Amino acid sequence: MDFKNTIADILGSDAIKKEEIASSLAPTPSIDKGDVCLPCFRFAKSLHKSPQAIAGELKEKIDASAHPLIGKTAVEGGYLNIFLNRSEAVKEMMSAFRTNGGVTKPKPKNGKTVCIDYSSVNIAKPFHIGHLLTTVIGGSLYRIFNYLGYNAVGINHLGDWGTQFGKMIVAYLKWGDDADIEKRGVRALLDLYVRFHAEAEKDESLEAEGRAWFKKIEDGDSRALEIFNKFKEITLKEVKRVYDRLGVKFDSYAGESFYNDKMQPVIDELKAKNLLTESEGAMVVDLEKYGMPPCLILKSDGATLYATRDLAAAIYRKQHYDFYKNLYVVAYQQNLHFKQIFKVLELMGKTWAADCVHVPFGMVSLEGQGALSTRKGNVVFLDDVLNEAVEKAAKIIEGKNPELHDKEKIASDVGIGAVIFGALCSGRIKDLVFSFDKALSFDGETAPYLQYTHARCRSVISRAGVSEGNIDYGVLTDDDSFTLVRLLSSFDDVVGDAAARYEPSIVSRYLLDIAAVFNRFYLNCRIIGEKPDVMYTRLLLTQYVAEALKEGLKLLLINAPDRM
Ligand code: ARG
C-alpha cells in the first residue's frame with residue numbers, strides 16, 4: 001500500500017521512525033472512522049506523553065503537510081484516524097495496478113530458501129483425515145513463499161524407518177496376497193498390520209520374527225529391502241495421487257531412512273561437545289536446565305530415535321539448502337519434540353537453530369463421521385473425504401446448473417476446494433470439526449462462495465464484452481468501490497503477513513472480505529447498461545477483483561473455474 005509510505009514519510013521523525021509508523025498503520029475498524037489509523041500507544045513510553053497527546057501532535061503535522069492524498073483527520077482516544085482523499089487515492093492505486101499489469105504479481109526471486117517439512121506421511125499407513133492440515137497448510141505456505149520471491153523447498157520427511165516394518169514383512173510373507181495389495185494398496189497393507197497385532201497376541205514368536213526382519217532391513221538384506229521398498233512404492237503411489245488432487249508438491253521425499261548414514265557424525269559431535277549423558281543405559285542430552293525432559297539420542301541397544309533423525313535432518317538441510325528458514329508443519333502434539341530438537345541444535349552451537357520454526361496446528365475430526373461410506377476402524381481416508389466432497393458438489397451443480405459445461409472438472413474444483421478451504425479458513429491452531437454441509441455451502445465462509453464470486457466477476461466481464469475504454473476515477477469514490485480498491489491494494493501486504501505468521505488463514509479471511517465487498521459493490525453499482533466510461537471503469541475494477549480472487553485462491557491450493 002503506497003499511501004502507508006506517504007503517511008510514514010510525512011509523520012516520521014527522529015522521535016518516531018518512519019519505519020515504525022509504516023508498520024503501525026492499520027486499517028480502521030469501519031469506513032466511517034477513516035481509511036487507516038495509527039495507534040499511538042506504543043510510542044507513549046519512549047516519548048513520555050499520553051497516546052492521545054501524541055496522536056494530537058501527529059494530527060497537526062499531517063494536516064500542515066496539506067498532502068493531496070490526505071483528507072480529513074481525527075483523534076479518537078490514542079488513535080489518529082486518517083481519511084484519504086478518495087479521488088487522489090483511487091487514482092494512485094488504480095494507476096499502480098495498471099502499471100503492474102494487475103493487482104497480483106509474484107515477486108522477483110530474493111535468493112532466500114525456505115524449507116517446509118510438511119505432510120510427512122508414514123509408509124504402509126493410511127493417508128487419513130489427520131494429515132489434511134499439515135498437507136494443505138504446508139502446501140499453501142509453499143505457494144505463498146514462492147509468490148513472495150523465496151525459493152520454497154517442500155520436504156516430505158517420510159516415516160520409513162522403525163521396527164514396525166519388520167513386523168509388516170512377517171505379515172506380508174505369512175498372509176500377504178499380491179493381487180489384493182495391487183488392488184487395494186495401503187488398505188491391504190493396513191489389514192496386514194492389524195492382523196499381525198491380533199495374531200501376535202496369541203503367538204509371541206511373531207514379535208521376535210519381526211525384530212529379526214527389521215535387523216535384516218538394517219543390514220541391507222536384499223529380500224528384506226525388496227519387500228520394504230514395495231511397501232514404500234505402494235504408499236507413495238497412493239499418496240501422490242492425493243497430492244495431485246490437492247495440488248501440493250514436494251521437492252524431496254528424503255524420509256527418516258535417508259538419515260541412516262548421517263547420524264553417526266551427529267552423535268560424535270554431541271559427544272565431542274560433551275552434550276551426551278548416560279541415563280538408564282540410554283544416551284540422552286540433558287535439558288533439565290531448560291525445563292524439558294531429556295532428548296533421547298540412542299536407546300540402550302544402540303538404536304537411534306525419531307529425535308536423532310530430526311537432528312541429522314536439520315543439519316543436512318542447513319548444509320544442503322542453506323535455508324533462511326526451516327519450517328516444520330507438524331501437529332501441536334509434537335511441540336515438545338521440536339522445542340527439544342531446536343534446543344539441542346542451539347547447544348551444539350548451530351546459530352541457525354533460531355531459524356528453525358515449528359508451525360503447529362490443531363486436530364481435525366469429521367462432523368457426523370457415521371455418514372462416511374468407507375471406513376476402517378477409526379481411520380478416515382483423505383481420498384474418501386475428497387471423493388465424498390466431489391460427489392456432493394456434483395449433486396449441487398446438477399441441481400443449480402445442469403447445463404454447465406465441463407461439470408466434472410468443476411465439481412472436482414468445488415468439492416476439493418471446499419475441503420481445503422474448510423481446513424484453511426480459521427487459525428491453524430484451532431481444532432477443526434469438518435462439516436461437508438458447511439464447507440459446501442454457497443453462501444457461508446466457504447470456497448464455493450469465493451469461487452462463485454469469482455465466476456460472477458468473469459460472467460459480468462464476458463457479458464459486457466467491452467475491452468477498451470476511458471477510466472473515470474471519480475466513479476470509484478463511493479464507499480463500496482473505494483473500499484474494494486483499497487482492499488485490493490493490500491494484496492501483497494496480506495500475503496506477506498500470512499508468510500510472516502505462517503498462517504494461510506490470513507489470506508482466507510482477506511478473500512472473504514474482498515468477496516463480501518464485491519458483492520455489495522455489485523448490488524449497488526450498476527455495470528452493464530451504464531455510460532461507456534462508467535461501465536468500463538467498473539469493469540476494470542471487477543477484472544481486478546477476479547484476478548485477486550483467483551490468485552488468492554491459488555495460494556490456498558484452490559482452483560477458481562471461470563464458470564459455475
Ligand atoms: N511422520 C511423522 C508423524 O506422522 C511426522 C514427521 C514430521 N517431520 C519431522 N521432521 N519430524 O508424526
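This structure is a prediction, so every number in the text was calculated from the model and none was measured. First listed ligand is number 1; within each ligand, the first listed atom is number 1.
An N or O contact shorter than 3.5 Å is missing between H337 and ligand 1 by distance. Of the polar atoms of D117, at least one N or O is found under 3.5 Å from an N or O of ligand 1, judged by distance alone. Taking any N or O of S120, backbone or side chain, at least one lies under 3.5 Å from an N or O belonging to ligand 1.
The backbone N or O of K107 lies less than 3.5 Å from no partner atom in the side chain of Y147, so there is not a single donor-acceptor pair.
Between the side chains of E547 and T104, at least one donor N or O sits under 3.5 Å from an acceptor N or O. Looking only at atom types and distance, the side chain of S435 has no donor-acceptor partner in the side chain of D437 under 3.5 Å away.
Taking the six-membered ring for Trp and thresholds of 30 and 60 degrees, F258 and Y316 have ring planes more than 60 degrees apart, a perpendicular arrangement.
The Y306 neighbourhood of ligand 1 comprises atoms 2 (C), 5 (C), 6 (C), 7 (C), 9 (C), 11 (N), with distances under 4.0 Å to a heavy atom of that residue. Here is the list of ligand 1 atoms found below 4.0 Å of a heavy atom in Y328: 10 (N).
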Checking F323 against W352 for the ring-ring contact (aromatic ring centres under 6.0 Å, His included) test, could you report, in this order, the C-alpha distance in whole Å, the side-chain angles of both residues, the deciding distance, and whether it holds? CA-CA 9 Å; F323 56 71; W352 48 263; 5.6 Å; yes

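One finds no salt bridge joining K395 and E391 here, because no Lys/Arg side-chain nitrogen approaches an Asp/Glu carboxylate oxygen to under 4.0 Å.
Contact annotation for L158 and ligand 1: no heavy atom of the residue comes within less than 4.0 Å of the ligand. Heavy atoms of F338 found under 4.0 angstrom from ligand 1 belong exclusively to the side chain.
Partner of Y118 under the ring-ring contact (aromatic ring centres under 6.0 Å, His included) criterion, chosen from F250, Y328, F145: F250.
Under a 4.0 angstrom heavy-atom cut-off, Q334 registers as being in contact with ligand 1.
With respect to atom 4 (O) of ligand 1, the closest heavy atom belonging to the protein is N122 ND2, 3.2 Å.
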